[in-house]
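Here's the structure, in structure tokens; my notes come after.
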Amino acid sequence: MVKNIDWGNLGFGYMKTDYRYVSCYKNGKWDEGQLVKDENVVINESACVLQYAQTCFEGLKAYKTKENKVVCFRPDMNAKRMIESAKRLEMPTFSEERFLDAIKKVVNANFDWVPPYGSGASLYIRPYMFGSDAIMGVKPATEYQFRIFVSPVGPYFKGGVKPITLMIPDFDRAAPRGTGHVKAGLNYAMSLHAIVNAHNHGYNENLYLDSRTRTKIEETGSANIIFVTKNNEVVTPKSDTILPSITRRSLMYVAEHYLGLKATEREIYLEELQDYKECALCGTAAVLSPVGKISDHGKDILFPSGMEKPGEITQKLYDTLRSIQMCEIDAPEGWIFEVN
Ligand SMILES: *Cc1c(COP(=O)(O)O)cnc(C)c1O
């Protein structure tokens with residue numbers, strides 16, 4: 001029985017569902033894992049995650065297709081990225097095979113929570129891992145939990161896809177040779193002050209610069225960025241300190257192979273932003289959100305696409321990727337993972 005939820009009016013928030021997946025790591029190995037009903041996690045007060053933020057996470061979505069199949073978009077990429085995050089944080093890795101198996105188990109167990117096709121909503125999937133046993137000195141935990149919970153979510157931005165505004169903050173997101181390229185909770189903890197500051201100034205998000213020279217564009221707190229040139233070339237920043245977004249990598253492929261556009265990853269300087277005609281943020285939560293304005297300490301960069309609707313290329317990229325994700329048009333090999 002599908003749950004009695006007003007799917008069309010869901011926000012982007014947590015909703016408790018029936019089951020979550022848990023696997024525990026102890027004495028050098030992961031247990032076989034299980035589905036549990038209790039949404040609470042009980043851990044020691046001196047757990048490494050609580051004292052020293054030893055935790056990483058992932059985010060992906062499951063969709064119902066027209067044929068009532070449930071599919072995920074490139075979950076193997078999330079599995080691989082989580083392995084990289086775990087290594088950087090001295091955590092044990094959870095294999096790609098087991099990651100995919102756990103996704104299947106937890107989504108199927110919560111099948112009735114997957115929003116229907118055409119509702120605009122989807123099932124958000126949150127895998128995460130943390131050091132759970134008591135430690136005191138600064139060192140990695142010896143016990144860990146890998147968990148996945150799911151929650152139905154509506155579109156990230158309500159009321160259609162209206163362009164958003166960004167500001168260039170005085171804060172940095174990622175140090176050279178730091179942790180900007182992995183999905184660690186710590187990157188988000190230190191972004192909270194900056195995001196509250198941006199909101200207080202009337203902006204939706206911060207657009208971070210590279211912290212070494214503060215001249216190059218990196219990304220926002222939770223999404224990568226793309227630009228469109230006046231010749232309809234899609235460009236995105238190349239940097240070792242941004243999080244390798246699966247949405248961004250997919251969009252660059254779509255631009256080139258579905259839309260026949262040139263797609264380039266290269267260094268992008270703050271100085272050149274006024275030369276672009278479109279700008280958009282990309283990530284699992286929002287897919288693609290158009291940016292109308294970027295404010296750099298009182299100097300406003302206004303994109304010709306304006307503040308009313310997405311630019312033409314942004315809209316095409318969005319429509320094409322959404323259609324691939326919903327299985328309405330053919331996907332590149334391996335992009336669609338069937339769950340049921
Ligand atoms: C998760 C995340 C993204 C988006 O990545 P997707 O794989 O597209 O969801 C972008 N930037 C940061 C900092 C992130 O944490």
Side-chain angles (χ1 to χ4, degrees), residues 12 14 41 47-61 77-94 99 124-132 138-141 144-149 156 164 166-200 203-214 216-226 236-249 265 268 281-286 289 291:
F12 193 88
Y14 173 83
V41 179
C48 200
V49 58
L50 297 179
Q51 305 306 329
Y52 304 130
Q54 194 187 21
T55 176
C56 60
F57 68 100
E58 275 301 326
L60 66 157
K61 283 174 173 172
M77 304 289 275
N78 297 94
K80 290 187 178 91
R81 190 168 66 188
M82 195 163 186
I83 289 171
E84 294 310 308
S85 300
K87 284 182 185 164
R88 181 62 177 81
L89 297 171
E90 285 296 328
M91 304 167 91
T93 57
F94 201 73
F99 184 99
Y124 186 76
I125 305 171
R126 170 54 62 87
Y128 60 112
M129 193 196 291
F130 52 87
S132 55
V138 179
K139 58 174 187 279
Y144 294 84
Q145 290 189 24
F146 169 88
R147 286 176 166 259
I148 307 177
F149 70 79
Y156 199 73
I164 57 169
L166 310 178
M167 67 171 265
I168 306 288
D170 290 323
F171 305 101
D172 289 332
R173 191 190 86 91
R177 297 173 291 275
T179 56
H181 62 299
V182 297
K183 221 167 169 70
L186 62 93
N187 292 335
Y188 282 77
M190 63 89 208
S191 78
L192 298 175
H193 177 60
I195 189 94
V196 169
N197 183 61
H199 290 167
N200 287 343
Y203 297 95
N204 297 94
E205 259 285 8
N206 288 298
L207 177 58
Y208 291 99
L209 302 176
D210 75 294
S211 59
R212 192 201 316 262
T213 70
R214 295 191 60 82
K216 288 178 272 185
I217 300 300
E218 294 242 302
E219 62 169 324
T220 67
S222 58
N224 282 184
I225 194 161
I226 61 163
T236 193
K238 186 179 178 68
S239 161
D240 295 339
T241 48
I242 67 179
L243 196 282
S245 157
I246 297 161
T247 313
R248 184 253 302 165
R249 286 180 276 168
E265 192 180 345
I268 296 176
L281 301 184
C282 51
T284 293
S289 14
V291 175

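Predicted model, so just to flag it, every value in this text is computed and none were measured.
- The backbone N or O of G221 sits nowhere less than 3.5 Å from a side-chain atom of S191 that would complete a donor-acceptor pair.
- No side-chain donor-acceptor contact under 3.5 Å links R88 to the backbone of E84.
- Within the 3.5 Å criterion, the main-chain N or O of V182 finds no donor-acceptor partner in the side chain of R81.
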Checklist entry - Would F57 and Y188 count as a side chain to side chain contact (heavy atoms under 4.5 Å, CB included) if you check the C-alpha gap in whole Å, the side-chain angles of each, and the deciding distance to 0.1 Å? => result CA-CA 11 Å; F57 68 100; Y188 282 77; 3.5 Å; yes
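- A donor-acceptor pair under 3.5 Å is absent between the side-chain atoms of N206 and the main chain of I168, judged by distance alone.
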Item to check | Working for salt bridge (Lys or Arg N to Asp or Glu O under 4.0 Å), residues R177 and D240 | outcome: CA-CA 8 Å; R177 297 173 291 275; D240 295 339; over 6 Å; no
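- Counting only heavy atoms from C-beta outward, the side chains of F99 and K80 never approach each other to under 4.5 Å.
- Residues S132 and A141 approach most closely at N-CB, 4.2 Å, considering heavy atoms.
- At least one donor-acceptor pair closer than 3.5 Å links the side chain of H199 to the backbone N or O of N204.
- Considering CD1 of I246 and CD of E58, their distance stands at 5.5 Å, rounded to 0.5 Å.
- In terms of heavy-atom proximity, G180 sits nearest to N187 at CA-ND2, 4.1 Å.
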Next on the checklist: Run the side chain to side chain contact (heavy atoms under 4.5 Å, CB included) test on L209 and K216 for me, step by step, so that the C-alpha distance in whole Å, both residues' side-chain angles and the decisive distance to 0.1 Å come before the verdict.
Outcome noted: CA-CA 5 Å; L209 302 176; K216 288 178 272 185; over 6 Å; no
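- To the nearest 0.5 Å, the span separating CD1 on I164 from OH on Y203 amounts to 13.0 Å.
- A side-chain donor-acceptor contact under 3.5 Å links T55 to the backbone of M129.
- In this structure, the side chain of T220 does not engage the main chain of L207 through any donor-acceptor pair within 3.5 Å.
- Between the side chains of Y144 and Q54, at least one donor-acceptor pair of N or O atoms lies under 3.5 Å.
- When all heavy atoms of M167 and A198 are compared, the closest pair comes out as SD-CA, 3.7 Å.
- With values rounded to the nearest 0.5 angstrom, F146 atom CZ is found 5.0 Å from M82 atom CE.
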Checklist entry - Can you list the steps and then say if D170 with N197 is a side chain to side chain contact (heavy atoms under 4.5 Å, CB included)? => result CA-CA 10 Å; D170 290 323; N197 183 61; over 6 Å; no
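- What you find for K139 and C48 is that their closest heavy atoms are O-SG, 3.6 Å.
- No option in E218, E219, R212 other than E218 meets the side chain to side chain donor-acceptor pair (under 3.5 Å) test with T241.
- Not one N or O on the side chain of N224 forms a donor-acceptor pair closer than 3.5 Å with the backbone of C282.
- Of the possible polar contacts, none joining the R248 side chain to the G283 backbone as a donor-acceptor pair under 3.5 Å is found.
- Closest heavy-atom contact between V41 and F130: CG1-CZ, 3.7 Å.
- When all heavy atoms are compared, the tightest approach of A174 to S211 is O-OG, 2.8 Å.
- Looking at heavy atoms from C-beta onward, S222 lies out of side-chain contact with I195 at the 4.5 angstrom threshold.
- Rounding to the nearest 0.5 angstrom, the gap separating the CG atom in D172 from the CG atom in D210 is 8.0 Å.
- In this structure, OG in S85 is found 10.0 Å from CG in N78, a value given to the nearest 0.5 Å.
- Rounding to the nearest 0.5 angstrom, the gap separating the CD1 atom in I226 from the CD1 atom in I268 is 10.0 Å.
- Side-chain contact annotation: R126 with Y124, donor-acceptor N/O pair under 3.5 Å present.
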